[in-house]
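Worksheet for the structure shown next.
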2 protein chains.
Amino acid sequence: MCYTIYDLAKECQVSVATVSRVINNSGPVKEKTRQKILKLIKEKNYSPNAFARGLNNISMKTIGIIISDIGNPFFAQIVKSIDSICQKNQYSIILCSTENNSKTERREIEMLMQKQVEGFIIAGSRPVKDENASFLTEVSKKYPIVLINSFIRGGHKMYSVMVDEKKSTYDALSLIISKGHKKIFLLGDTQWKTTVAKINALKDVLKDNGLSFDKEQIINCKYSYSSGMAGVKELLSRNIPFPYTIFCSSDMIAIGAMKELLSHGIKIPEEVAIMGYSNTENSSLTTPSLSTVDQKMHVLGEKAAKIFIDILDDNYPINKKMYSDYRILMREST
Amino acid sequence: MCYTIYDLAKECQVSVATVSRVINNSGPVKEKTRQKILKLIKEKNYSPNAFARGLNNISMKTIGIIISDIGNPFFAQIVKSIDSICQKNQYSIILCSTENNSKTERREIEMLMQKQVEGFIIAGSRPVKDENASFLTEVSKKYPIVLINSFIRGGHKMYSVMVDEKKSTYDALSLIISKGHKKIFLLGDTQWKTTVAKINALKDVLKDNGLSFDKEQIINCKYSYSSGMAGVKELLSRNIPFPYTIFCSSDMIAIGAMKELLSHGIKIPEEVAIMGYSNTENSSLTTPSLSTVDQKMHVLGEKAAKIFIDILDDNYPINKKMYSDYRILMREST
DNA sequence: ATGAAAGCGCTAACAC
DNA sequence: GTGTTAGCGCTTTCAT
C-alpha cells in the first residue's frame, strides 16, 4: 500500500540498512548516497511507518493528558499550556475527558497504554473516594505520571505539581475576614478533595478569628455555571439577612453564582460579596470583576509538562510533591 | 519486557494462532481452551502490543483533531462534543492547537500522519489567504478530513459541516435593524473568512434596508477577550454619538467588548447594543446577557464526528458540504 | 479446532 | 561505508 524503506533501497540501489541510517542519522553514509536517498524521500513523499518503528521500541513521543472536562476553562487553559511545552519538544498530546467518571478514567488510561503513550499527565483534584488510586499507583510502576493539583501516596514514577489549596484558601479567607466580613458560605462539590481542603481552611480560619463554623455554611454543588446558580438559589431561599460572603470552590461556580445574584438585583459586593478560585481568563471579565485565587494555570501546566519530559530523560525530581505559586486577587466582587 | 502472545501460548500449551483467535474472536476455538486463555489474559493483565497490530493494518482508532486555540471556549465545546461521540465508538482523539499558524498546522498534520491517525477533523474558519488549502487537498486523497465551519474546494475524502455564516449574520442583523438600530459596527478579524462572510452579510443587509455601508464600520481585531476590549477603545476614541450597535464576530470578542463598555459606565443596550456570535456557554452569563447567534456547537461537533466515523466505515456522504442549523438569540444586550 | 509459518516495515547487531 | 539478517509482536493464510 505504502512506499517502504525497501522501495527506496531498491530504487537507490543500496540496502535498507543504509536507508535506515540516513533516515535516523544513525551511522556513517557517503555524502553522495545520502543525498540521493534524501532526494528520493522528498520526491516520493516517503514517511516511515510508525508501527514498524514502534515495534523496535522507538518512542512515539506522545503523552496522554487526562482531564475531567475540557469544557471547563480551567482545564482548557491547563491543556493549552501543557501543549505549548510539548510542541516545543516534539511531543504530541492525546487528550481524554473523563467527565468525572472513575470507570471512564480507567478505561481511557488502559486504552492509551495500548496506544503506547509514554506516560500520563493527569490534571485536577481527585475524588474523596478515589477508586483509581491503587490502579494509578500500579500504572506508575511502568509509566511516568504527573499529577496536577492532586497527590497519591506511594506512587513509583508518580509526581505532583500543585497549589496548596488549603493554605491559599486560608489566606484568601483571612483577607476577606480582615475586611469585616463575618458570615461566610462555601459553594463547592464536597465529593472532591479540593473542596474538602477548602472546607478545612474555612474551619481553621474561622477558629483562628474567634468565629464559629456551622455545617449549614457549606452548600454542595457540582463544577459548572448552572450549579453555581442553583447553589445561590438554595442559599437565597434561606432568607439570610445581608451582607454575607460566598466563597466558591471554582471560578465557574462563582460566575454562575454571580449571574444568579445579579439577576435578583442583589448588589455585589455590598449585599453579597463573592470570591472564586483559579483565575480563569473569564473571571476578570464579569461585571463586577471576580475576586479570586490566582492558581497561575500556565505555570502549573508548563511545570507539569517539563517535569514529565525530564522524567522521560531520566531526570527524576527530588521530591514527589512540588508546590506551585499562587496569589490572592482582590477585585470588585469582594 | 512485556507479556506477549507467545508467553500466553506457551503457558496455555496452544499456538499463538489460537491465542490470537480468542483475542480477536476471529475463528473457532474450543470453549474450554478459550476460557483457559481468557483467564490467563486477565490474570497476567495482558494487553496486545498496538504497534504489532498496527503493522498488520489493524486500525489504531485515533482521530486527529486540529483547532486553532483550545483556550477559546468555542473550540473547547466543539472538542468536547467530538470527544463524546468518539468515546462511544472507541476512538481516541489526539488534539493539536495550531495557534492560528499555518506552518504549525502543517507540521502537526504531518506529524499525526506518521502517528497513524485515521484522518482529521479540522475545526474553525480558514484564513482568507489559506496557505494549506492545496496541502489539505492532497492529504485528503489518502486521509478522510472533516472540516467544521470551513470549506475547501476540490477535496477528495474531504467533507464540511458548517453553519451558514453569511445567512445567519444577515438574519441577526435584520432583526437588529428591525428594532430600529441604524448605526452598526462590526468587530472581527478580517484575516479570516468567517469575518469576511459577516462583512458581506452586513453590506447586504444595509443595502436591502436602504442604509449605506462605510468601511469605517469595520474594526479589525483578533479573536480574544482583550482584542474585543481594544476594539471598543478604538471605537470610543472616535466619539461617535450614541446609540449604536456593535456586532462581534465571536462571543469572546463581544464579552471583552462588553466589559470595556461597562467599565466606561456605558449603558447596554440603551447606549450601545452589542451582539456576539456562537453562543458559547459563557455568553449567557454576562450581565446583561449577550445576544448572539447560536451555532449549536454540540451539533456541529457531533455531526462532524459521526460523518467522520461513517467515512471510515465507507459510508460516504452524498454532499461535500453539509449545513448545520442555527438560531438567533436575542437576550439583554440588544 | 488447531498449528506452522510467512509477512507487516523497520532497526540494529554483525560481518565485510 | 555498506550489506545481510534476525528479530520486534501480531495476524492470517494454508495445512492438517
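Letters A, B, ... mirror the listed sequences (proteins, then strands); counts begin at 1.
Among the protein residues, B:Ser20 comes within range of the nucleic acid bases, having at least one heavy atom under 4.0 Å from a base atom. Counting any heavy atom pair closer than 4.0 Å across all strands shown, A:Val14 reaches sugar-phosphate atoms only and no base atom. A:Tyr6 comes within contact range of at least one nucleobase, with a heavy-atom separation under 4.0 Å. B:Ser26 comes within 4.0 angstrom of no nucleic acid atom, judged by non-hydrogen atoms across all strands. In this structure, A:Pro48 reaches the sugar-phosphate backbone alone: every heavy-atom distance under 4.0 Å involves primed, P, OP1 or OP2 atoms, never a base.
Residue side chain A:Arg34 does not reach the base of D:dG1 through any donor-acceptor N/O pair under 3.5 Å, judged by distance alone. Checked by distance alone, A:Asn49 brings no side-chain donor or acceptor within 3.5 Å of a matching partner on the base of C:dC10.
Set against D:dT2, D:dT4, C:dT2, the side chain of B:Lys30 has C:dT2 as its closest nucleotide. Residue A:Val29 has its side chain nearest to D:dT2 when only C:dC10, C:dT11, D:dT2 are considered. Of the candidate nucleotides C:dA5, D:dC10, C:dA12, D:dC10 has the atom lying nearest to any side-chain atom of B:Ala52.
Atom CD of B:Glu31 is surrounded by more than 12 heavy atoms from other residues, nucleotides or ligands within 6.0 Å.
With hydrogens and angles left out, the side-chain atoms of B:Asn149 and B:Gln295 include a donor and acceptor closer than 3.5 Å.
Classified by interplanar angle (parallel below 30°, tilted 30° to 60°, perpendicular above 60°), the ring pair B:Tyr3/B:Tyr46 is perpendicular.
Close to D:dT2, at under 4.0 Å from its OP1 or OP2, lies a side-chain N or O of A:Thr33.
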